[in-house]
Structures are given as C-alpha cells and as structure tokens.
Amino acid sequence: MRAIGCRMNLPAVLNGLLVSVVAALLWKYVRLIEHTSQLEEELHLTRQSQEFSQAHIDYHGALLTLQEHGTRMVCTGKMHTDRICRFDYLCYCTEAEEFVFFHSNASVMLPNLGPRRFQPALLDLSSVEDHNTQYFNFLELPAAALKFMPKPVFVPDVTLILNRFNPDNLMHIFHDDLLPIYYTMQQYSDLDDEARLVFMEGWSEGAHFDLYRLLSSKQPLLKEQLKTFGKLMCFTKSYVGLSKMTTWYQYGFVQPQGPKANILISGNEIRQFASFLMERLNITQEEGDDYIVVFKRTTNRLILNEAELLLALAQEFQMRTVTVSLEEQSFDSIIQIISGATMLVSMHGAQMITSMFLPRGAAAVELFPYAINPEQYTPYKTLASLPGMDLQYVAWRNTIEENTVTYPDRPWDQGGIVHLEKEEQERILASKEVPRHLCCRNPEWLFRIYQDTTVDIASFLDVLRGTLKKPNLKKVKVASTVHPGRVREPKCQTSVQATNEAKLSVSWQIPWNLKYLKVKEVKYEVWIQEQGENTYMPYILPHQNYTFSENIKPFTTYLVWVRCIFNKNLLGPFADVLTCKT
C-alpha cells in the first residue's frame with residue numbers, strides 16, 4: 001500500500017517542482033525586465049544630462065554619490081550680502097521651484113546657520129545688495145527621500161547660478177550682471193570658459209542675450225528651460241551668488257540713488273573687462289582721425305535739434321561727427337565706433353554705459369532734460385571718475401522750459417501723469433526741479449526724464465569750454481594707481497625750551513617701493529594727537545623731517561602717525577604710531 005501511495009504522489013511532486021521552476025523563471029524574467037527598464041531609464045537620464053554638455057557622466061555613479069553623500073556646501077563671506085557658496089550636488093525641483101539640500105551622514109553645510117539662514121536669506125542671487133526679490137535659500141530633505149522622488153537629471157558642467165537684475169536695460173546688464181559675473185568667474189579657477197551660467201530670475205532672454213553668451217563657451221540656461229529636462233535637476237558642482245566688488249552705484253531702494261559708499265573697483269579692472277568683451281566681439285582699435293559720437297534715441301528723450309548739435313560740435317572741435325543708435329545698429333558695430341571716439345555725447349540713459357569703451361583721454365558728455373539735476377543722477381559720472389578710467393566727464397542741463405516737450409498723456413511708465421489727481425499734476429507741471437526721491441516709480445521723475453529736448457547750443461558750448469580740456473588721445477598717459485608703502489624708521493625727538501615752550505621733531509625714511517617708481521609728487525601726512533584728547537592736528541609736508549613747536553606743550557605725551565601720499569590721492573598706510581614725551 002505504501003508503494004502504491006508513493007506512485008500516486010509522484011505526479012503531484014513533479015507538478016510542484018514544475019510550478020516552482022516556472023515561478024523562479026518568471027521571477028527572474030520580471031527582475032530582468034525591471035533591471036532592463038532601470039537601465040533604459042538611467043540611459044535616458046544620462047542622455048538628458050549629456051544634453052547639457054559633451055562631458056561624459058556616469059549616471060549610476062552620480063546617483064549613488066548623491067544618495068550616500070548628499071549635498072555639500074562651503075561658503076565664503078560673513079553676511080548674506082557678501083556670501084558666495086560652492087555646492088556639490090545641489091538639486092532643484094522644477095515643479096516646486098525650490099532648491100533642495102539632501103542630508104546624509106557625509107553632508108557638509110558651512111556655515112551651518114540654522115534658522116539664521118532665513119534672516120533674511122543665505123545669500124543674494126544678484127549683485128544688487130539686499131534686495132528682497134533676489135534672495136537665495138533652499139529646502140532640506142534626507143537623502144533617503146530620493147527613493148520616493150522623480151529620478152534626478154544631473155548637470156555635469158560646473159555652473160554659476162545667479163539672477164540677472166534687469167536684462168532689458170544696458171546699464172543694469174553691464175553694471176549688475178556682466179562685470180560681476182566676469183570677476184566672480186575670475187575668483188574661482190573651475191569657473192572657466194567651459195562653465196555654464198544658469199539664470200534663475202525668470203526673465204526671458206532679452207534683447208542683449210548675446211552679451212551673456214560671450215562669458216562662456218556654453219549656452220546659458222534660463223529658469224524656464226530647466227522644466228524641459230526633468231522634474232529634479234541636480235548640479236554636480238555649482239557656485240551660487242555673485243561678487244559685489246565691481247559695482248559702483250546704488251539705485252535708491254533705501255536712500256536716494258548715488259555712488260556706493262565703499263567703491264572697490266577701479267577703472268583698470270573695468271578697462272580689462274572692456275578689452276575682454278572687445279576681443280570676444282572681434283573688435284580691434286584702429287588709429288585714424290579724431291571724431292565725436294552722438295547717441296541717437298528714436299522713441300523718447302529725443303534731441304530735437306540733433307542736426308544743429310552735430311554741426312556745432314564739428315565746428316567747435318574741428319572734427320567729424322557721427323551718430324549711433326541702439327535701435328538701428330548692432331551692438332558690436334556701436335562699440336567699434338565708440339572705442340575710437342574722442343568724445344561721446346548722449347542724453348542721460350542706459351546707453352551711456354558704453355562710455356566704458358571710450359579710449360583714455362576721451363570725454364563723456366551727458367545731457368539732462370529740464371528740471372533734472374545732474375548731481376542727483378550720477379552712475380556715468382561715477383564711472384568716468386574712477387581712478388584708472390582716465391576719462392573727462394561733462395554734464396549739461398536744460399534750464400529753458402520752452403526748450404522741452406512733455407508727454408503727460410502717455411502711460412505712467414513712460415512719463416504720463418494724467419492718472420494722478422489734478423492738484424498733483426499741477427504741482428509737477430509747475431516744479432522747476434525734481435526733488436530727491438527713492439526708486440523706482442516717482443511720477444515727477446518719470447515725467448521729466450521722458451521729455452524731449454532742444455539743446456541750447458550756446459549754453460552747451462559754454463559748458464564744454466569751461467569744463468573740458470581739449471581731448472587728445474595720442475598724448476594721454478595712464479595714470480598710476482600704485483600706492484606707497486609704509487614710511488620706514490619713523491622717529492621722534494623732543495626738547496623743552498621753557499616752562500611753556502617745547503619742540504617735537506619727527507623724521508622717517510621713504511617707503512621702500514618709492515625708489516622703484518617715477519612719481520610726480522610725493523608728500524607726507526603727519527597727525528599729532530595729545531594723549532587723552534579726541535582731536536588731532538594734521539599736516540601735509542614735502543620733506544622727511546620736520547620740527548613742530550606751535551601748540552606743543554612741555555611735559556606732555558603726544559601720539560604721532562606718518563604716511564606717504566603719491567600724486568595727491570594715492571595714500572599709503574600709516575606707520576606704527578610713535579609715542580613722544582616732551
């Protein structure tokens with residue numbers, strides 16, 4: 001009976017074995033399908049990543065690095081206004097429009113600010129300081145959350161992530177974007193010509209996008225374009241933020257506009273940048289006859305007697321005059337002309353930023369409409385006056401109300417005022433000068449700045465004759481910006497002449513670098529302060545020793561500082577303070 005039972009169970013056993021084998025095969029097939037699907041997905045994502053760059057990326061390796069090591073951040077700068085951060089594997093969710101920092105046991109976050117990161121932000125994304133539309137921050141997630149998120153697309157290029165401030169305006173393009181980007185890239189060796197710029201402010205390309213293309217061999221990416229590549233973008237190596245060292249002007253968000261309180265750039269750095277752009281634009285300076293360039297505007301802020309102005313300039317300076325127009329000519333052709341000009345004349349406006357391409361010794365002449373005080377709007381005067389720019393600057397202001405044409409019926413953003421109360425319209429029409437104001441929608445400023453002007457030729461030429469040295473490009477010498485070192489071996493000696501009379505003698509040796517320099521004028525500044533007092537006596541001296549007797553009292557301790565000055569404005573550091581007892 002047992003044998004019969006065994007024979008009866010054999011088919012069942014074989015059937016069970018067959019089911020197990022088939023199940024195993026099916027499981028392996030399903031796993032193979034899943035693995036093939038995963039490989040196909042990784043291949044697709046790799047291809048997407050490589051759409052950014054010709055650089056090869058190991059997608060599986062990059063994903064493993066992100067999962068195991070998370071995001072790493074190291075920043076420079078103490079405050080959000082001067083901070084630039086370097087990230088490895090910073091990610092961006094295109095649906096949420098948020099940057100993401102993934103935490104793992106190997107993550108690095110320096111500085112680790114905790115909640116202070118939101119007071120008000122980690123950093124400024126643009127070079128415009130502390131503007132609440134330009135703040136950068138990120139959300140935080142554990143790296144384990146990647147399992148539940150869309151597979152990331154990796155950007156293999158080194159990237160510089162920033163905001164353009166106003167890419168429709170040439171002044172903002174150069175001052176806020178191009179110069180800061182260029183010198184930020186100079187700060188970090190891997191932000192080279194192969195780096196990619198990523199613009200996160202949300203603007204479209206704008207009319208001058210080709211200027212941004214000059215900074216890198218890679219096509220810049222716009223925020224909107226990121227959505228076409230995937231839901232989760234991860235930048236393998238990126239820098240976020242811009243240096244503010246190159247900006248010289250503030251636009252009046254907190255106080256009326258004017259030069260920055262602490263300008264850190266000179267004309268030498270601006271001229272180096274201008275030369276870089278000209279090289280990228282294939283522009284070369286050719287010697288020829290002197291000529292004057294007049295900027296022509298075609299839609300607003302017109303010079304109504306342009307032909308008369310051109311003739312007057314030609315007769316006064318015995319030079320030919322030419323006009324250029326942003327609306328009618330390519331930007332590179334305009335720079336080609338300006339880079340060889342003896343003088344640039346223009347109504348106040350963003351096109352005046354092109355004065356940075358003028359040769360040394362040339363003149364920048366800025367025209368202002370009626371009721372606009374040139375001293376209150378000085379971005380181009382400040383630029384021309386930077387040490388090392390070596391430009392002459394002249395401002396002319398229309399003071400004749402009959403020589404202006406206003407447009408009160410235009411839209412408000414083109415100077416119209418009909419939307420205002422009648423009393424306010426009458427006040428603006430009667431005003432002789434726009435009061436100082438904050439940015440950016442002051443109706444009186446907009447009304448006056450969009451006027452057209454008939455230039456009074458007599459007063460214009462008087463201003464030029466009274467202010468301008470005859471431009472001579474061939475004889476101009478590059479002004480030195482080399483500062484003196486410390487004076488060496490400062491000493492003091494004292495003597496008491498009587499109960500109420502004493503002398504203090506101070507001597508020193510010249511700065512070490514002076515013997516290697518050709519300097520027109522060398523002087524020395526000496527400060528003398530009676531110990532315990534808050535005031536000091538300053539002296540400017542031509543020699544290396546001097547004896548002081550006036551206001552020097554017997555039996556008194558004096559503190560003495562000495563420094564060297566080159567050519568009136570190049571100051572050296574003070575030597576160590578001397579303590580001198582009479």
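Below, each value reflects all heavy atoms present in this structure, side chains not excepted, and no hydrogens, waters or symmetry copies. Please read these numbers as outputs of a predicted model, since none were measured by experiment.
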Please list, one pair per line, the donor and acceptor atoms closer than 3.5 Å that link side chains of residues 409-424 to other protein atoms, with sequence neighbours excluded.
unit_1: Glu424; atom_1: OE1; unit_2: Arg427; atom_2: NE; d: 3.2
unit_1: Glu424; atom_1: OE2; unit_2: Arg427; atom_2: NH2; d: 3.0

Does Arg164 make a cation-pi contact with Phe209 (under 6.0 Å, within 45 degrees of the axis)?
-> no
Under 6.0 Å from the CZ atom of Arg441, do we count more than 12 heavy atoms belonging to anything else shown?
-> no
Can you run down the ring pair (Phe, Tyr, Trp, His ring centres under 6.0 Å) pairs that involve residues 285-310, sequence neighbours left out, and say none if there aren't any?
-> none
For residues [X] and [Y], is any side-chain donor paired with an opposing acceptor at under 3.5 Å?
| X | Y | result |
| --- | --- | --- |
| Thr159 | Asp157 | no |
| Glu444 | Ser431 | yes |
| Gln119 | Arg116 | no |
| Tyr251 | Asn166 | no |

Indicate the atoms forming the closest heavy-atom contact of Tyr407 with Tyr450, along with that distance.
-> CD1-O, 3.9 Å
With sequence neighbours excluded, residues passing side-chain contact (heavy atoms from CB on, under 4.5 Å) with His437 = Tyr377, Val434, Asn442, Trp445
Does the side chain of Leu570 reach to within under 4.5 Å of the side chain of Val482, using non-hydrogen atoms?
-> no
Kindly indicate whether the side chain of Leu211, heavy atoms from C-beta on, has any atom under 4.5 Å from the side chain of Phe174.
-> yes
Could you tell me if the ring centre of Phe99 sits under 6.0 Å from that of Phe136?
-> yes
In a check of side-chain contact (heavy atoms from CB on, under 4.5 Å) between Arg83 and each of Val240, Leu122, Asp124, Thr76, which one passes?
-> Leu122
Please name the residue in the list Glu95, Glu97, Met233 that meets the side-chain contact (heavy atoms from CB on, under 4.5 Å) test with Lys227.
-> Glu97
By ring pair (Phe, Tyr, Trp, His ring centres under 6.0 Å), His80 pairs with (sequence neighbours left out) Tyr135
Which class fits the ring pair His172 and Phe165: parallel under 30°, tilted 30 to 60°, perpendicular over 60°?
-> tilted
Residues passing the disulfide (SG to SG under 2.5 Å) test with Cys93, sequence neighbours excluded, are none
Which pairs of donor and acceptor atoms, one on a side chain in residues 255-266, lie under 3.5 Å apart (sequence neighbours left out)?
unit_1: Gln257; atom_1: OE1; unit_2: Tyr249; atom_2: OH; d: 2.7
unit_1: Lys260; atom_1: NZ; unit_2: Lys244; atom_2: O; d: 3.4
unit_1: Lys260; atom_1: NZ; unit_2: Thr247; atom_2: OG1; d: 2.7
unit_1: Ser266; atom_1: OG; unit_2: Asn268; atom_2: N; d: 3.2
unit_1: Ser266; atom_1: OG; unit_2: Glu269; atom_2: OE1; d: 2.5

